[in-house]
A.B. asks: 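Sharing a structure below in structure tokens format, with a few things to ask.
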Amino acid sequence: GLRAGNIELAIACYTAALEVRKRQDYPEDWAITQNNLAAAYSDRIEGVRAENIEKAISYYRLALEIRTPTAFPLDCLQSGRNLGNTAFTAGFWDIALEGFDTAIQAVEKSRSWATSDNIRQQMIAESIGVYEKAIQAAVNNNQLEKAIEYCDRTRAQRLVDLMHSNDLYAKGEIPPAVQKYLQEFEAKQREIDAEVEQLRNPSEGNKGLAGVGSQSRSRAGLSAYTDKIQELEGEKQQIWESIRRLDPVLAGQVQVVPMQFAAMQRLIDNSQTAILCFYTTQNDTHVFVIYKDKAPQIHTCQGEGLGNFQNGIFESWLSPYLQDRKIWQQGMGEFLSQLSRRLKVDELIGNCLDGIQELIVIPHLFLHQIPLAALPVNTLATEERAGTGAPPLQRVFLGDKFLIRYVPSCRILEYCHQRPIIESLKYGIVENATDDLYFTPFECEQIATIVPEPQRLKGSQQATVATYRKLAQNVNVMHSSHHAVSRLDNPLESRLFLGDGSITLGELMTPGWRLPQLSDVFMSCCETNLASTEITDNLLSLGTGFLCAGARSVVSTLWAVDDFATSLFSIFYYQYRLEGLSRPEALRRAQVRLRTISGAELKKLYQPQIDALLPRIIGDLKRKLNLVQEELEGLESQQDEYKKGTAEYKELEEKLNKKTEEEVQIRKRKEGYESLQKNLYTMSNPFDDLIYWSGFICQGLH
């Protein structure tokens, strides 16, 4: 029938129900009816709109007197969200914040009672809209400090829980029940390692996965390598969840208190440093700028919301990386230029960053995958100059203007700050753990001459899981140079490959990996900070895993990095660090040095080492190419024995396709190294391309 009449009838019925459902007799039922009455007034068509909204607000408030965060959290979430949405639509920002804040308290109280990481994540995911609207209401009401506090409450909560838990174990003994599960966890990992070892192939010239099955060695893993491994991973996940259920945070014995804005400001070392906190809503992307000693500012990119902006990053950046790395690499420069324009980086610098020299960046969602230091600046001036006949402007990137370091959230940065300062440093180096990287021994040999008296694990015989763990427990600075891979489908299975197995992110995040003495970790490996961030913005990567384990700072990578370029970058970084430069300054200088170094300079610095390596690499690739070609011939002759269309024929055809792809890749690499051998010393800037220098980031402390 008529909607207006039905709403009037509903209001009358709810009012009549309250004659029986009295507060003193039936408080829960009374609150339900108050909530329903409020909803009816909120939808009411008849009468004055403002009066209906006022009545709706008053009834929601009455419902919330009974439906409190601690007594009835799910009901409180409903009424608090309703109050917030009603006031938000009417533009009553204070009242909207009142409702949303109550709803958020209910979510977080319920979350603290949950004894499963997955359930906790689901609770945040299902209520993320409440946080988002609370942030927008605070922005609309010019309460930027409150908006920033809500931002930090939404992000990296799973990682915050883990870090808070693991810091509790840093000085204490691991309970026997937890220790038992840890032993089971490690035993299951050994089973998985044995399966993976059977699939391993030689390196493909980067520090990513050393080849597993038919998957590309330069891309993040999107699934377990075999059904058997997937089954073992599932069993290991159940053990991990058993460990987590015994955790003091997950068990509700210890709660993580939301961070206040003043505490965030105290994380900033000086007035030349600012925190950039990104947050994308349905409609816009906000960049909150936090200073040490003055009020925050906001930089809003209107129209750059979740659908077109964040999903656009996935479609134009992460998806091409996973599907066709060549296409991804070719489009890097144009994509980053467009992203700089969409984020209005020049405007951000001009309006908010005057006098700032260092940025602590907290990305949001897919922005975690972006090398923000490589965003070009002065983009408008460059476009205006194009076509005028004037010489092009020199490329300037965000990283040229500011030191940049990353953190997943202010709360996690606070944990890093709370760890004791280590004055005297002991160094450890883990190199070429699977004996198949060419430039890694050169890299580590050079670093060993820079840092004082490092302990070294060389090759597969020395760099085992047990020795790696022991080294990590006995040094303060860890340089890890070998293969690694990110698992976007199952982040806890992201892993570092060693001589006799691997170390996964899941292990790093257990109480068995407490490394309170660890100051710095440099992962000269692939994809160590590549992770798929869900709506709850948890960056579960090998980089954040070491932060969780106890490190104050981590240098990690956003993609599969080149062996040669990474070796040079690592050497330059330690040279600058030992000169006394801060971590972000050393990283910036190393990036600039790598992208500007000439072939002639390389010849002067490292000709004996390079001239010894390149012929060996080319020779190895020739042998691999010959072997693959022989295998191809064998498969082709086998295929001739079967009729086309049969199962046997199709199986061999699939093997042929994979082997042909492998042959093409090896041939391209051989030709690339032959060209490098011929032309390297005459090239002006052999590592100028973004792919070589921009994928390294620094997380944690200055």
A.B. asks: I would like to know whether Q369 and I313 meet side chain to side chain contact (heavy atoms under 4.5 Å, CB included); could you show each step before the answer?
C.D. replies: CA-CA 9 Å; Q369 318 302 337; I313 294 174; 5.6 Å; no

A.B. asks: Output, in order, the C-alpha distance, side-chain angles, deciding distance and verdict of side chain to side chain donor-acceptor pair (under 3.5 Å) for D611 and Y606.
C.D. replies: CA-CA 8 Å; D611 285 354; Y606 303 119; over 6 Å; no

A.B. asks: Has N657 got a side-chain atom pairing as donor or acceptor with E661's backbone, closer than 3.5 angstrom?
C.D. replies: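 Side chain of N657 to backbone of E661, a donor-acceptor pair under 3.5 Å: no, none is there.
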
A.B. asks: Between R395 and D688, does a salt bridge (charged side-chain N to carboxylate O under 4.0 Å, His left out) hold up when you go through it step by step?
C.D. replies: CA-CA 11 Å; R395 290 190 309 168; D688 179 54; 2.7 Å; yes

A.B. asks: Do L530 and Y321 have side chains that approach each other closer than 4.5 Å (heavy atoms only, starting at C-beta)?
C.D. replies: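 Of all side-chain heavy-atom pairs linking Y321 with L530, at least one is under 4.5 Å.
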
A.B. asks: What do the steps show when you test V396 against K401 for side chain to side chain contact (heavy atoms under 4.5 Å, CB included), and what is the final call?
C.D. replies: CA-CA 8 Å; V396 179; K401 298 182 73 69; 4.1 Å; yes

A.B. asks: Would you indicate whether the side-chain heavy atoms of I597 and L605 approach each other to under 4.5 Å?
C.D. replies: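 They are in contact (side-chain heavy atoms under 4.5 Å apart), so the answer is yes.
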
A.B. asks: Could you tell me whether R595 sits above the aromatic face of F687, with NZ or CZ closer than 6.0 angstrom to the six-membered ring centre and within 45 degrees of the axis?
C.D. replies: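 Geometry flag: not set, cation outside 6.0 Å or 45°.
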
A.B. asks: Please check: side-chain N/O of Q607 versus main-chain N/O of L602, any donor-acceptor pairing under 3.5 Å?
C.D. replies: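 Answer holds: no.
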
A.B. asks: Check the angle between the aromatic planes of F522 and H479 and answer parallel, tilted or perpendicular using the 30° and 60° thresholds.
C.D. replies: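 F522 and H479: tilted rings.
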
A.B. asks: Sub-3.5 Å donor-acceptor pair from the side chain of T566 to the main-chain atoms of D562, do we have one?
C.D. replies: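 Side chain of T566 to backbone of D562, a donor-acceptor pair under 3.5 Å: yes, one is there.
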
A.B. asks: For G499, does its backbone N or O pair with a side-chain atom of T464 as donor and acceptor, under 3.5 Å?
C.D. replies: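 No; judged by distance alone, with no hydrogens or angles, the pair does not exist.
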
A.B. asks: I'd like to check D689 versus Q329 (side-chain heavy atoms, cut-off strictly below 4.5 Å). Are they in contact?
C.D. replies: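 Of all side-chain heavy-atom pairs linking Q329 with D689, at least one is under 4.5 Å.
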
A.B. asks: Are E662 and K659 close enough, and set up right, to give a salt bridge (charged side-chain N to carboxylate O under 4.0 Å, His left out), and what steps lead you there?
C.D. replies: CA-CA 5 Å; E662 186 179 345; K659 193 58 66 174; 3.2 Å; yes

A.B. asks: Take E507 and R469, measure what salt bridge (charged side-chain N to carboxylate O under 4.0 Å, His left out) needs, and give me the verdict at the end.
C.D. replies: CA-CA 11 Å; E507 288 177 271; R469 185 170 183 171; 5.5 Å; no

A.B. asks: Less than 4.5 Å apart, any side-chain heavy atom of W328 and any of W559?
C.D. replies: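 Yes. Closest side-chain heavy atoms under 4.5 Å.
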
A.B. asks: Look up atom CD in E231 and atom CD in E191, then write down how far apart they are to the nearest 0.5 Å.
C.D. replies: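 Atom-to-atom, E231:CD and E191:CD are 9.5 Å apart.
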
A.B. asks: For G543 and V554, work out which heavy atoms get closest and say how close.
C.D. replies: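 For G543 versus V554, the nearest heavy atoms are O-CG2, 3.7 Å.
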
A.B. asks: For T533 and D537, run side chain to side chain donor-acceptor pair (under 3.5 Å): C-alpha distance rounded to whole Å, both residues' side-chain angles, the deciding distance at 0.1 Å, then the answer.
C.D. replies: CA-CA 5 Å; T533 46; D537 201 43; 4.6 Å; no

A.B. asks: Report the C-alpha distance between I421 and E423 in whole Å, list the side-chain angles of each, state the deciding distance to 0.1 Å, and finish with yes or no for side chain to side chain contact (heavy atoms under 4.5 Å, CB included).
C.D. replies: CA-CA 6 Å; I421 297 173; E423 299 292 347; 3.8 Å; yes

A.B. asks: Would you confirm whether D435, through its side chain, and G459, through its main-chain N or O, come within 3.5 Å as a donor-acceptor pair?
C.D. replies: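 A pair under 3.5 Å: no.
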
A.B. asks: Classify the ring geometry between Y427 and Y574 as parallel (under 30°), tilted (30 to 60°) or perpendicular (over 60°).
C.D. replies: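 Plane angle over 60°, so perpendicular.
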
A.B. asks: Applying the salt bridge (Lys or Arg N to Asp or Glu O under 4.0 Å) test to E493, which of R487, K188, K236 qualifies?
C.D. replies: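 The residue from R487, K188, K236 that satisfies salt bridge (Lys or Arg N to Asp or Glu O under 4.0 Å) with E493 turns out to be K236.
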
A.B. asks: Could you measure the distance from the CG atom of L656 to the CD atom of Q638? Nearest 0.5 Å is fine.
C.D. replies: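 L656 atom CG to Q638 atom CD measures 9.0 Å (nearest 0.5 Å).
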
A.B. asks: Could you tell me which non-hydrogen atom of V521 sits nearest to which non-hydrogen atom of A551, and how far apart they are?
C.D. replies: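 So the two residues come closest at CG2-CB, 4.1 Å.
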
A.B. asks: Tell me if the centroids of the rings in F572 and W693 come within less than 6.0 Å of each other.
C.D. replies: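 Ring-ring flag for F572/W693: false, centres at least 6.0 Å apart.
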
A.B. asks: With the side chain counted from C-beta on, respond yes when Y692 and L690 share a heavy-atom pair under 4.5 Å apart, and no when they do not.
C.D. replies: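 They are not in contact (no side-chain heavy atoms under 4.5 Å apart), so the answer is no.
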
A.B. asks: If you define the side chain from C-beta out and look only at heavy atoms, does anything of S553 sit under 4.5 Å from Q699?
C.D. replies: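 No. Closest side-chain heavy atoms not under 4.5 Å.
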
A.B. asks: Using the salt bridge (charged side-chain N to carboxylate O under 4.0 Å, His left out) rule, take E674 and K678 through it: C-alpha gap first, then chi angles, then the decisive distance, then the call.
C.D. replies: CA-CA 6 Å; E674 287 171 341; K678 182 179 179 182; over 6 Å; no

A.B. asks: Is there a donor in the side chain of E443 and an acceptor in the side chain of S567, or the other way round, less than 3.5 Å apart?
C.D. replies: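 Their side chains do contain a donor-acceptor pair, which is all the 3.5 Å distance test asks for.
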
A.B. asks: Is the number of heavy atoms from other residues, nucleotides or ligands under 6.0 Å of E453 CD greater than 12?
C.D. replies: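 Atom CD in E453 is not packed in, count stays at 12 or less.
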
A.B. asks: Testing the basics here: between L515 and A472, what is the closest heavy-atom pair and its distance to 0.1 Å?
C.D. replies: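 Heavy atoms of L515 and A472 come nearest at CD2-O, 3.6 Å.
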
A.B. asks: Can you tell me how far the CG atom of N476 sits from the CZ atom of R552, to the nearest 0.5 Å?
C.D. replies: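 Interatomic distance, N476 CG to R552 CZ, rounded to 0.5 Å: 8.5 Å.
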
A.B. asks: Is the backbone of S598 close enough, under 3.5 Å, to the side chain of N685 for a donor and an acceptor to pair up by distance?
C.D. replies: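 Side chain of N685 to backbone of S598, a donor-acceptor pair under 3.5 Å: no, none is there.
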
A.B. asks: Side chain to side chain donor-acceptor pair (under 3.5 Å) for E445 and T449? Distances and angles first, verdict last.
C.D. replies: CA-CA 7 Å; E445 195 64 41; T449 67; over 6 Å; no

A.B. asks: Pairing donors with acceptors under 3.5 angstrom, does anything connect the side chains of E431 and S481?
C.D. replies: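 The answer is no; no qualifying pair exists.
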
A.B. asks: For P320, is there any backbone N or O sitting under 3.5 Å from a side-chain donor or acceptor partner on D324?
C.D. replies: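 It does not hold such a pair.
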
A.B. asks: To the closest 0.5 Å, what do you measure between CG (L621) and CD (E671)?
C.D. replies: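 Result: 11.0 Å between the selected atoms.
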
A.B. asks: If you measure from OH on Y573 to CG on D520, what distance do you get to the nearest 0.5 Å?
C.D. replies: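 One finds 5.5 Å between OH of Y573 and CG of D520.
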
A.B. asks: Work out which heavy atom in C698 is nearest to a heavy atom in R583; give both atom names and the distance.
C.D. replies: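 For C698 and R583, the tightest heavy-atom pair comes out as SG-CB, 3.7 Å.
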
A.B. asks: Okay, side chain of T544, backbone of L539: is any donor-acceptor separation there less than 3.5 Å?
C.D. replies: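 Yes.
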
A.B. asks: Would you say the side-chain atoms of T557 pair up with the backbone N or O of C525, donor to acceptor, closer than 3.5 Å?
C.D. replies: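 Yes.
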
A.B. asks: With rounding to the nearest 0.5 angstrom, report the OG to CG distance, S694 to L594.
C.D. replies: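 One gets 10.0 Å once the value is rounded to the nearest 0.5 Å.
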
A.B. asks: Determine, step by step, whether I571 and F442 satisfy the side chain to side chain contact (heavy atoms under 4.5 Å, CB included) criterion, reporting the C-alpha distance in whole Å, the side-chain angles of both residues, the deciding distance to 0.1 Å, and the verdict.
C.D. replies: CA-CA 10 Å; I571 294 165; F442 155 69; 3.9 Å; yes

A.B. asks: Against V430, only a single residue in H482, R456, M523 fulfils side-chain contact (heavy atoms from CB on, under 4.5 Å); can you say which?
C.D. replies: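 Running side-chain contact (heavy atoms from CB on, under 4.5 Å) over H482, R456, M523 with V430 returns exactly one hit, H482.
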
A.B. asks: Could you tell me if the side chain of F569 sits less than 4.5 Å from the side chain of L587, heavy atoms only?
C.D. replies: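 They are in side-chain contact.
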
A.B. asks: Could you verify whether a donor N or O on one side chain and an acceptor N or O on the other, from Y406 and N529, lie under 3.5 Å apart?
C.D. replies: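 There is no such pair (donor and acceptor under 3.5 Å, judged by atom type) between the side chains of Y406 and N529.
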
A.B. asks: Measure across A560 and C526 and return the closest heavy-atom pair with its distance rounded to 0.1 Å.
C.D. replies: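 Minimum heavy-atom separation between A560 and C526: CA-SG, 3.3 Å.
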
A.B. asks: Are any non-hydrogen side-chain atoms of L488 and L322 less than 4.5 angstrom apart?
C.D. replies: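 The answer is yes; the side chains approach within 4.5 Å.
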
A.B. asks: Tell me yes or no: between the side chains of Y468 and Q462, is some donor less than 3.5 Å from an acceptor?
C.D. replies: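 Result is no, nothing qualifies.
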
A.B. asks: Under 3.5 Å, is there a donor-acceptor pair between the side chain of D193 and the main chain of D500?
C.D. replies: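 It does not hold such a pair.
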
A.B. asks: Can you give me the closest heavy-atom contact between I447 and S570, atom names plus distance?
C.D. replies: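 Scanning both residues, the minimum pair turns out to be CD1-CB, 4.0 Å.
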
